[in-house]
Amino acid sequence: STQSTGEEFAMSDEDDAKKLRLKEIFASIDKNADGKLELGEMCAALGDEHGKDCMEDCDADQDGCVTFEEFCRFILDSVPPEAFEHGCLCMEKAIAANAAKT
């Protein structure tokens with residue numbers, strides 16, 4: 001029998017919660033609110049070096065900008081679940097520190 005254990009639902013709830021968290025971070029980087037992150041926005045938010053690295057890592061289709069889907073996919077695929085919140089806090093700290101510079 002294919003009785004549901006409820007686990008697959010728990011997974012998607014957790015992923016939904018993570019996507020909401022990432023949406024806030026994405027929005028704080030996406031200064032012109034066009035739904036895409038350009039290199040300038042990444043560098044302004046994360047610092048030049050980290051911004052360039054993040055751009056290279058996230059820009060799956062190499063079109064020069066990162067969509068929310070690309071951003072989520074990279075982070076959810078590359079960051080272990082137990083490190084997710086720490087990673088988010090580090091990004092938020094970098095964004096706040098770089099915002100204070102401008």
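Everything quoted here is computed from the prediction, not taken from an experiment. Numbering starts at 1 and runs along the sequence shown.
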Verdict with reasoning, L22 to F68, per side-chain contact (heavy atoms from CB on, under 4.5 Å): CA-CA 9 Å; L22 291 174; F68 180 63; 4.1 Å; yes

Atom pair CD1/CD1 of I95 and I25 - distance to nearest 0.5 Å: 6.0 Å

Rounded distance (nearest 0.5 Å) linking atom CG of L37 with atom CG of L46: 9.0 Å

Backbone of E82 reached by a side-chain donor or acceptor of E85 within 3.5 Å: no

Audit row: S28, E24, side-chain contact (heavy atoms from CB on, under 4.5 Å) steps and yes/no: CA-CA 6 Å; S28 67; E24 292 172 8; over 6 Å; no

Minimum heavy-atom distance between P80 and S78, given as atom pair plus value: CD-O, 3.6 Å

Side-chain donor or acceptor of E41 paired with backbone N/O of E38 under 3.5 Å: yes

Spacing of CD belonging to E70 relative to CE belonging to M55, to within rounding of 0.5 Å: 8.0 Å

Distance (rounded to the nearest 0.5 Å) between R21 CZ and L89 CG: 5.5 Å

Side chain proximity check, I75 to K18, heavy atoms < 4.5 angstrom: no

Residues D59, F74; criterion side-chain contact (heavy atoms from CB on, under 4.5 Å); working and verdict: CA-CA 9 Å; D59 187 12; F74 174 74; over 6 Å; no

Gap between atom CG of N98 and atom CD1 of I29 - 0.5 Å precision: 10.0 Å

K36 NZ to F26 CZ distance, which is reported to the nearest 0.5 Å: 9.5 Å

Full working for salt bridge (charged side-chain N to carboxylate O under 4.0 Å, His left out) between E56 and K52: CA-CA 6 Å; E56 281 174 26; K52 284 180 187 136; over 6 Å; no

